[in-house]
Amino acid sequence: MTAALISWGKGRRAAAAIGAVSLGVITLSACEKPTALSTVTVGSTTVQAEATPGCNGDGKVLSKKAISACLTKKGEKTITVHPGEKVRVGVDPQVAKSGWIVIGAGPVMREPSKQTYRSFDADTLFMQQNPQTGQTTYSKDVTLQVAELNAGDGPKAMWHFTLKQEN
């Protein structure tokens, strides 16, 4: 009788262990790989965002259709900027390794950066130049776009933030 109880207890423990392992595998397979974050800081205010939905190629270059759609998206996270302030933009090290750029009302970086952090004058981010007349104007709000690049092939991911200028 004792032998029967001992073997029944071992079987129950084995079944419980198999069940726990199975549940763990199912739980892990349901998890998505987290996307890299981009951070924008103005003064003491910081906002962070994952890649904009539809603008993450999971390490591959976005299609031309996706890029076109991403260029018109607005930022879900908003931050207020006063004239003359510094806007600090940070990216994950894996994004910096690929290279990244920032676009405000117009292009603000001449070359992709391999650093994890850059700072910009707010006035530069809000400045628009008319290509026909050369006249410079300033926007009241702008979508700040951060794009991870892939060695000249185009963006792999994009993050969008809304900057609102306050006087």
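By convention here, the first residue in the shown sequence is residue 1. In what follows, every heavy atom counts, from backbone to side chain, and hydrogens, waters and symmetry copies are set aside.
- At least one side-chain heavy atom of Val146 sits less than 4.5 Å from a side-chain heavy atom of Trp100.
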For this session: Take Thr80 and Glu166, measure what side chain to side chain donor-acceptor pair (under 3.5 Å) needs, and give me the verdict at the end.
Result: CA-CA 7 Å; Thr80 302; Glu166 190 168 299; 4.6 Å; no
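- Between the side chain of Lys164 and the backbone N or O of Asp141, no donor-acceptor pair lies under 3.5 Å.
- Taking the side chain as every heavy atom from C-beta outward, Ile67 and Pro155 approach each other to under 4.5 Å.
- One hydrophobic cluster, built from ILVMFWY side chains closer than 4.5 Å, holds both Val142 and Phe120.
- With hydrogens and angles disregarded, no donor-acceptor distance shorter than 3.5 Å links the side chain of His160 to the backbone of Thr72.
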For this session: Go through the steps for Ser98 and Lys156 under the test side chain to side chain donor-acceptor pair (under 3.5 Å), then give the verdict.
Result: CA-CA 9 Å; Ser98 293; Lys156 296 194 290 188; 3.0 Å; yes
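- Side-chain N or O atoms of Ser63 include one that pairs as donor or acceptor with a backbone N or O of Ala66 at under 3.5 Å.
- One distance of note links CD of Gln94 with OG1 of Thr116; it measures 12.5 Å at 0.5 Å rounding.
- From Thr136, atom OG1 reaches atom CE of Met127 across 6.0 Å, with rounding to the nearest 0.5 Å.
- Remark: side-chain polar atoms of Thr162 are paired, donor with acceptor, to backbone N or O of Gly75 under 3.5 angstrom.
- Here the side chains of Met158 and Leu71 are in contact, with some heavy-atom distance below 4.5 Å.
- Listed here is the closest heavy atom pair of Val61 and Asp153: CG1-O, 3.5 Å.
- Within 6.0 Å of CD in Glu76 there are 12 or fewer heavy atoms belonging to other residues, nucleotides or ligands.
- With values rounded to the nearest 0.5 angstrom, Gln165 atom CD is found 5.5 Å from Lys140 atom NZ.
- Judged purely by atom type and a 3.5 angstrom limit, Asp92 uses its side chain to pair as donor or acceptor with the backbone of Leu37.
- Side-chain contact between Phe161 and Thr143 is absent, with no heavy atoms from C-beta onward closer than 4.5 Å.
- To the nearest 0.5 Å, the span separating CD on Glu85 from OG1 on Thr41 amounts to 11.5 Å.
- For the side chain to side chain contact (heavy atoms under 4.5 Å, CB included) criterion with Glu148, the lone passing option out of Ile101, Asn56, Val95 is Val95.
- Counting heavy atoms from C-beta outward, Cys55 and Trp159 have side chains that stay 4.5 Å or more apart.
- The closest donor-acceptor contact from the side chain of Asp121 to the backbone of Asp123 lies at 3.5 Å or more, if one exists at all.
- A side chain to side chain contact (heavy atoms under 4.5 Å, CB included) with Leu144 is found for one member of Val81, Val89, Ile103 and no other, namely Val89.
- Side-chain contact between Asn130 and Thr137: absent, with no pair of heavy atoms (C-beta onward) separated by less than 4.5 Å.
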For this session: Using the side-chain contact (heavy atoms from CB on, under 4.5 Å) rule, take Thr39 and Thr46 through it: C-alpha gap first, then chi angles, then the decisive distance, then the call.
Result: CA-CA 7 Å; Thr39 305; Thr46 299; 3.3 Å; yes
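- Note that the OH atom of Tyr138 and the CD atom of Gln128 stand 11.0 Å from one another [nearest 0.5 Å].
- With hydrogens and angles disregarded, a donor-acceptor distance shorter than 3.5 Å links the side chain of Lys73 to the backbone of Pro53.
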